[in-house]
Structure formats: C-alpha cells, structure tokens
Amino acid sequence: MGRRIETLATLIAEQSLDWLIVSEPSNLRWLTDFTGSNAVALCPADPGRSPALLLTDFRYTEQVEAQAPSAWQIEISKHDLLGAGLAEKFPVPDGGGESYGRVGFDSGHVTVAQLEALDKALDGRADLVPVGGILEQLRAVKSAGEVEKIRAAALLADEAMLEVLDQGLVGRTEIELALALELAIRSRGAQELSFPPIVAAGAHGALPHAEPRDIAVEAGELVTFDWGARLDGYCSDCTRTWATGPVGDLETEVYDTVLRAQEEAVEALRPGPSGAEIDRVARGVIEQAGFGENFGHGLGHGVGLDIHEAPKLSRTGDQPLLEGMVVTVEPGIYLPGKCGVRIEDVLVLTADGSEPLNGLDKQFRQVS
Ligand code: ZN
Ligand code: ZN
C-alpha cells in the first residue's frame, strides 16, 4: 500500500513540487483507503525523508487507524483541514528553514475560497502551485483487485436487472421500474446505485439522459435502461435497450446499427490507440448508416470509484489507452419524437484486447 505513495511521489517530483495536497474524496480514498467524509492528505516528493500525512477530525480517530496503511502518519485536527489544520501539522522543512517550498494543490477540486483560506493559513510559507489530474491519471489504470470489485458490481447489477425483467415491463411506469431496479440492486448488498437509473420508453428514449416518468410502458415500443451498482466503493455502468413486442423497421435498423457500432468499437478496444480513435470506429459505423447527427455524445468513459473518470473515449480523448484501464463503450442513436437506442458495456483493457465485466447479452430481444 505504501506503493501508491511511492508512485505518486515520482509524479510529484516530476512536476518539480515538494508536496502535493490531496483533498478530493475519491482521490483520497484511492490513495489512503480511508473512507471518512472529512480528510486531507499531504504527500511528499521524497517519502524517504518526509512523512506522508493524513489529516482528519476526531470523529474518525478509530476508523482512520483501521483503514489507512501504516505508511501514513495520521493527524487529528480541530481546525479546518484545508486551512489552519494543514498549516498546524505541516512538517518543519529540512534544516529548519521557513519555506515549505512548492506545494501543489488540485486545481480541479479546490475552490477559490479554500485556496484563499489555505494561503492565509500558510502565511506565505508555501508557493501554492495549481496542478490537475495527477491522481486521476494514476486511478485510470486499475489493479487486479479493483477490476474484481467492478466486475462484482457489474454482475450484481446484471442480476438485479434480470429480476426486474422477470416481473415484466408492460403496464409498469418508468418510475416504478426504476424503483424496482433500485430495490433489487440494494437488496443484493450494493451500497447504492452508481447514479439515478435511466428508464426511457418509446419517444422518451430519444433523450440520452431521460428521467423516469410516471408513464406506463406500452407494448411494441423500445425501452432503454441505463443503470449501475456501487459495491465496495466501485461503480458499474450498463445500458440495454429492449423491445416490448414487435417494433417497426426503423427501430430494428437503429438497433442493428448501434449494436454493430458497439461491437466494432469493442473489437478495436486495446492498449495503444487513443480514446478518440476508438470513438471514431463507432462513429464511422453510425455515420455510414446515415445517423451521424443522432449520436451526439462521446463513446465512453472510465469507471472506478467514480462513475465518470479518466480516460475519455470521445473526440477529445487524446491519451493512448493502457492495459488495466476500465472503460465503457456506449454508442447511441437518438431520433427526436421517435425512439432511442443505446448499448453499453463496461470492459477492462487486457494486454491485447479487452474483456467485458458485465454479462447480459446484446441480441435484440423482446421482453414484455
Ligand atoms: Zn450508463
Ligand atoms: Zn456510461
């Protein structure tokens, strides 16, 4: 576990920083295993010389001792952690000098007010440097243990969905179905859903982020479910579209096109290409079928402690993908006033390809 501190230290040193302050909850959890709601970590560029500090408040005294690996020096503070608390516990610089040197903070998560408070508390003794995305970059590549947690969440979410399908869709409202899905997920031991589920029937399916309505699902339309479970801190994310009886040629064509786009993108998914290149594979299939204008979002995203994290599989995903990354592949076609289809799997990148972590089949199926 000290390994994460060591790996992070290398990146801190590469940025010519002496310290990095970590305050975003998912970054903190990943780095320290501590799950309390109030904490700040101070990570040194040279852990051989300076301790890595983990600050929290008295409510978590026992919990932090139980969860954080021994490499962390734990400090309990009565003050604002990202202010007087950190200033009070900041280790005296080598040689007893006045300056703490260059101290990085996460510009993507620290507010202007927090930065001002911290600057004031440190009283000019640190050169506060905005840096972004260091932890996110590390978190993007999962350990084998993290992959198994995401797989367990994904399989739990699959089973919950099968239970809902077994009870039938037609005649139940989108809200009832969302609630049934939540109950099935939580009764299987998940802490919560990864995000509020999407249940969208008929023309409502043309809204990629549709909110469930108090309207019953009818026979002979498409229904899209997008749902996930959070288990042991890790999220799953899956989308399926089913037909509630025979549907028209347009719906069938849209489904076949999305499925082909999804399968070709999954086939192309491997370490090496950028997220943008994989996005282009799916987009090419959909454009060729004449639906290019109707696929308005990116192809996918990383999944882990957060439901949306690095890397991006979209036009702006310029980083090469790496073995161990866990990403979604979720093309969709949305025809306003008519219907929508999205198919999403969550996959781990292996040495030469990818492996799905969820297991529901993708053939166009009728469920009623
Ligand atoms: Zn999703
Ligand atoms: Zn997703």
Side-chain angles (χ1 to χ4, degrees), residues 1-9 11-12 17-93 100-101 103-123 125-126 128-136 138-139 143 145-146 149 191-192 230-235 304-306 309:
M1 275 306 173
R3 269 230 314 275
R4 285 181 177 171
I5 296 177
E6 299 284 338
T7 315
L8 179 60
L11 297 182
I12 295 171
L17 298 172
D18 298 295
W19 298 92
L20 179 70
I21 298 167
V22 178
S23 54
E24 194 278 325
S26 295
N27 286 342
L28 272 168
R29 176 173 183 160
W30 182 85
L31 188 62
T32 70
D33 291 337
F34 176 53
T35 58
S37 66
N38 186 34
V40 166
L42 182 64
C43 308
D46 185 353
R49 286 170 61 187
S50 315
L53 294 190
L54 177 56
L55 271 69
T56 183
D57 66 62
F58 79 99
R59 294 172 299 169
Y60 294 114
T61 308
E62 271 187 58
Q63 186 183 335
V64 72
E65 295 283 354
Q67 291 180 327
S70 58
W72 289 94
Q73 180 178 321
I74 293 161
E75 299 283 354
I76 305 294
S77 175
K78 289 199 283 284
H79 304 291
D80 256 3
L81 301 182
L82 204 56
L86 192 62
E88 173 192 52
K89 304 291 182 187
F90 217 113
V92 176
Y100 300 135
V103 179
F105 67 92
D106 193 336
S107 54
H109 299 289
V110 172
T111 67
V112 173
Q114 285 172 328
L115 181 62
E116 283 173 353
L118 183 61
D119 197 28
K120 197 172 160 206
L122 290 173
D123 197 20
R125 281 172 294 162
L128 289 169
V129 182
V131 288
I134 295 186
L135 265 295
E136 283 81 356
L138 290 176
R139 280 170 51 198
S143 69
E146 289 179 295
K149 286 178 182 179
Q191 288 143 316
E192 58 181 353
R230 186 192 298 276
L231 184 63
D232 210 359
Y234 283 80
C235 297
L305 288 169
D306 291 332
E309 55 179 59

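Quick note: numbers below take in every heavy atom, side chains included, and nothing from hydrogens, waters or symmetry partners.
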Worksheet entry | Aromatic plane relationship, Phe90 with Tyr100 - under 30° parallel, 30 to 60° tilted, over 60° perpendicular | parallel

Discussion item. Measuring only between side-chain heavy atoms, which start at C-beta, is Pro25 closer than 4.5 Å to Leu305?
Written reply: no

Practice prompt. Would you please name every residue forming a side chain to side chain donor-acceptor pair (under 3.5 Å) with His109, sequence neighbours left out?
Written response: Glu136

Item to complete: Measure the OG-CG distance between Ser23 and Leu86 for me, rounded to the nearest 0.5 Å.
Response: 10.0 Å

Worksheet entry | Under 3.5 Å: donor-acceptor pair, side chain of Glu116, backbone of Ala113 | no

Discussion item. For Glu65 and Ile74: C-alpha separation, side-chain torsions, deciding distance, then whether side-chain contact (heavy atoms from CB on, under 4.5 Å) applies.
Written reply: CA-CA 8 Å; Glu65 295 283 354; Ile74 293 161; 4.0 Å; yes

Fill in: Residue pair Trp72, Leu31: steps toward the side-chain contact (heavy atoms from CB on, under 4.5 Å) verdict
CA-CA 10 Å; Trp72 289 94; Leu31 188 62; 3.6 Å; yes

Discussion item. As a quick check of understanding, evaluate side-chain contact (heavy atoms from CB on, under 4.5 Å) for Ser143 and Arg3, giving each step before the final call.
Written reply: CA-CA 12 Å; Ser143 69; Arg3 269 230 314 275; over 6 Å; no

Discussion item. Show the nearest heavy-atom pair for residues Ala39 and Leu28, with the distance to one decimal.
Written reply: O-CD1, 3.1 Å

Fill in: Test item: Thr32 and Val22 side chains (from C-beta on) under 4.5 Å apart, heavy atoms
no

Worksheet item: Is any side-chain heavy atom of Leu42 less than 4.5 Å from a side-chain heavy atom of Leu55?
Response: no

Discussion item. As an exercise, state the distance from CG of Asp119 to CG of Leu128, rounded to the nearest 0.5 Å.
Written reply: 5.5 Å

Practice prompt. For Gln191 and Gly233, indicate whether the former's side chain and the latter's backbone hold a donor-acceptor pair under 3.5 Å.
Written response: yes

Worksheet item: Considering all heavy atoms of both residues, which atom of His79 and which atom of Gly85 are nearest to each other, and what is their separation?
Response: CB-N, 3.5 Å

Worksheet entry | Atom pair CG/CD1 of Leu11 and Ile134 - distance to nearest 0.5 Å | 6.0 Å

Discussion item. Apply side-chain contact (heavy atoms from CB on, under 4.5 Å) to residues Ile21 and Leu118 and explain how you reach the verdict.
Written reply: CA-CA 11 Å; Ile21 298 167; Leu118 183 61; 3.6 Å; yes

Item to complete: Decide yes or no for Arg139 and Ser26: does some side-chain heavy atom of the first lie under 4.5 Å from some side-chain heavy atom of the second?
Response: yes

Discussion item. Using the side chain to side chain donor-acceptor pair (under 3.5 Å) criterion, which residues pair with Arg29? Sequence neighbours excluded.
Written reply: none

Worksheet, complete the sentence: Between the CG atom in Leu53 and the OG atom in Ser77, the distance rounded to the nearest 0.5 Å is 11.5 Å

Worksheet entry | Contact summary for Ala121 and Ala84, nearest pair of heavy atoms | CB-N, 3.6 Å

Discussion item. I need the minimum non-hydrogen distance between Asp106 and Gly132, along with the two atoms involved.
Written reply: OD1-CA, 3.9 Å

Worksheet item: Taking all atoms of both residues into account, what is the closest heavy-atom pair of Cys43 and Leu8, and its distance?
Response: SG-CD2, 3.7 Å

Worksheet, complete the sentence: Closest non-hydrogen atoms of Trp19 and Ser50, given as atom of the first, atom of the second and distance, are CH2-CB, 3.4 Å

Worksheet entry | Of Asn38, Leu115, Val110, the residue whose pairing with Leu82 passes side chain to side chain contact (heavy atoms under 4.5 Å, CB included) | Val110

Fill in: From CD (Glu146) to NZ (Lys149), nearest 0.5 Å
7.5 Å

Practice prompt. With the side chain counted from C-beta on, respond yes when Leu54 and Thr56 share a heavy-atom pair under 4.5 Å apart, and no when they do not.
Written response: no

Item to complete: Enter the distance from Asp18:CG to Asp46:CG here, rounded to the nearest 0.5 Å.
Response: 10.0 Å

Worksheet entry | Residues which pass side chain to side chain donor-acceptor pair (under 3.5 Å) with Gln63, listed by chain and number, not counting sequence neighbours | Thr35, Gln67

Worksheet item: Side-chain contact, heavy-atom cut-off 4.5 Å: Glu309 with Cys235?
Response: no

Worksheet entry | Sub-4.5 Å side-chain heavy-atom contact between Pro130 and Phe105 | yes

